[in-house]
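Here's the structure, in structure tokens; my notes come after.
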Amino acid sequence: MLRVENLTVAYGSRVALREVSFDLPDGRLMAIIGPNGAGKSTLIRALSGVLAPRSGRILVDGQDLASIPSMERARRIAVVPQARQLPPAFTAWEVVLMGRTPHLNWFGQTSARDEELARQAMERTNTLHLAERRVGELSGGEQQRLLLARALTQSAPLLLLDEPTTHLDLQHQLALLGQVRGLVHENGTARRTALTVLHDLNLVARYADLVALLVDGRLAACGTPAEVLTPERLSEAYQVPLRVLTPAPGGTPIIVPSSFGQD
Ligand code: ADP
Ligand code: MG
């Protein structure tokens with residue numbers, strides 16, 4: 001389980017997250033939503049351990065993240081970052097295999113099992129056909145899927161994703177979130193938990209178990225999609241009048257601007 005306690009994070013004098021607290025139980029997919037600049041990427045960076053809190057703590061299975069050595073952290077937390085940052089001269093296969101780095105021995109040799117895990121992750125993310133291609137010549141969407149494949153290869157129980165659907169077409173957006181949700185809801189021994197920044201509120205309504213709404217560095221709401229995705233909350237957070245339509249009882253709600261279909 002992931003526990004965030006009174007987390008405050010700053011860049012110099014600019015406070016980007018203030019007193020954020022929430023729990024994320026194992027085996028759940030949490031979406032982080034909120035307007036630009038709300039602190040979503042900052043939260044992902046803090047949870048990945050690359051940005052130290054100014055105050056408060058992050059507990060991973062009860063252990064303070066700040067006290068976990070970086071290699072051990074990489075075995076427990078995998079990150080799909082927002083910006084494209086893959087080394088262009090490497091092949092897709094090499095990049096995905098890099099996900100095994102925290103598990104390798106002193107000599108950095110990969111085993112047949114490492115390769116099998118990389119192959120499985122590429123199969124899952126529909127990237128196996130790209131294995132021999134150089135990363136620099138792949139499209140944004142293909143690179144995005146490779147980033148997910150690399151993160152899956154890392155076999156970490158906690159998966160952090162920052163806007164993973166940005167470069168993807170609709171088919172691949174649905175596929176990626178379906179894959180992440182499938183991993184999280186799998187009942188295997190290696191139980192996974194995921195936290196993902198998403199902009200598309202309709203995808204949030206469809207895929208997330210829990211939603212954290214950040215506004216101006218504060219946690220404005222945290223709960224189930226039904227609790228958080230209310231027209232009042234969203235309209236206030238995004239400063240746009242929004243409506244939440246529920247086409248069928250118990251069905252996935254659809255979030256649209258208030259004027260939609262009326263003008
Ligand atoms: P989001 O991902 O929700 O759009 P960010 O977490 O990237 O927001 O940013 C939150 C706030 O922190 C913004 O005001 C942003 O300008 C600021 N910020 C982000 N990264 C840095 C940085 N490296 N240095 C200084 N300020 C930053
Ligand atoms: Mg961001």
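Along the sequence shown, the residues carry numbers beginning at 1. When a ligand or atom number is given, it counts from 1 through the structure's own listing order.
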**Study point:** Heavy-atom neighbours of Glu116 CD exceed 12 at 6.0 Å
**Key:** yes
Exercise for review: Verify the neighbour count for atom CG of Asn126: are there more than 12 heavy atoms of other residues, nucleotides or ligands below 6.0 Å?
Suggested key: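 Yes, the 6.0 Å shell around CG holds more than 12 heavy atoms from other groups.
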Practice item. Quick one: look at Arg14 and ligand 1, take heavy-atom pairs under 4.0 Å, and tell me if it's side chain, backbone, both or neither. Key: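 Only the side chain of Arg14 comes within reach of ligand 1.
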Review point. Between Arg45 and ligand 1, which residue portion shows a heavy-atom distance shorter than 4.0 Å: side chain, backbone, both, or neither?
Key: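 Side chain only; the backbone of Arg45 stays clear of ligand 1.
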Check your understanding: Any side-chain heavy atom of Arg76 sitting closer than 4.5 Å to one from Gln63?
Key ->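 SC-SC contact between Arg76 and Gln63 confirmed.
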Check your understanding: Any side-chain heavy atom of Met98 sitting closer than 4.5 Å to one from Leu86?
Key -> no
Which residue and atom name correspond to the protein heavy atom nearest [atom], and how close is it?
{"atom": "atom 4 (O) of ligand 1", "result": "Gly37 N, 2.7 Å"}
{"atom": "atom 7 (O) of ligand 1", "result": "Ser41 CB, 3.7 Å"}
{"atom": "atom 27 (C) of ligand 1", "result": "Tyr11 CD1, 3.3 Å"}

Check your understanding: Counting both backbone and side chain atoms, is some N or O of Ala16 under 3.5 Å from an N or O of ligand 1?
Key -> no
Practice item. Using 2.8 Å as a strict upper limit, say whether an N, O or S atom of Thr42 approaches the Mg ion (ligand 2) that closely. Key: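 Looking at Thr42, which is the residue asked about, there is no N, O or S atom under 2.8 Å from the Mg ion (ligand 2).
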Check your understanding: So how far is it from Leu97 CG to Thr110 OG1, rounded to the nearest 0.5 Å?
Key -> 4.5 Å
Point to revise | ligand 1 atoms in contact with Asn36 (distance to a heavy atom under 4.0 Å) | key: 4 (O)
Exercise for review: Could you tell me which atoms of ligand 1, counted from 1 in the order shown, lie closer than 4.0 angstrom to a heavy atom of Thr42?
Suggested key: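 Result: 5 (P), 6 (O), 9 (O), 10 (C).
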Review point. Should Ala38 be listed as contacting ligand 1, given a heavy-atom distance under 4.0 Å as the test?
Key: yes
Check your understanding: Is there a donor-acceptor contact under 3.5 Å linking the side chains of Ser155 and Arg100?
Key -> yes
**Study point:** No-hydrogen, no-angle side-chain donor-acceptor test under 3.5 Å, Arg145 and Gln179
**Key:**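 Result is no, nothing qualifies.
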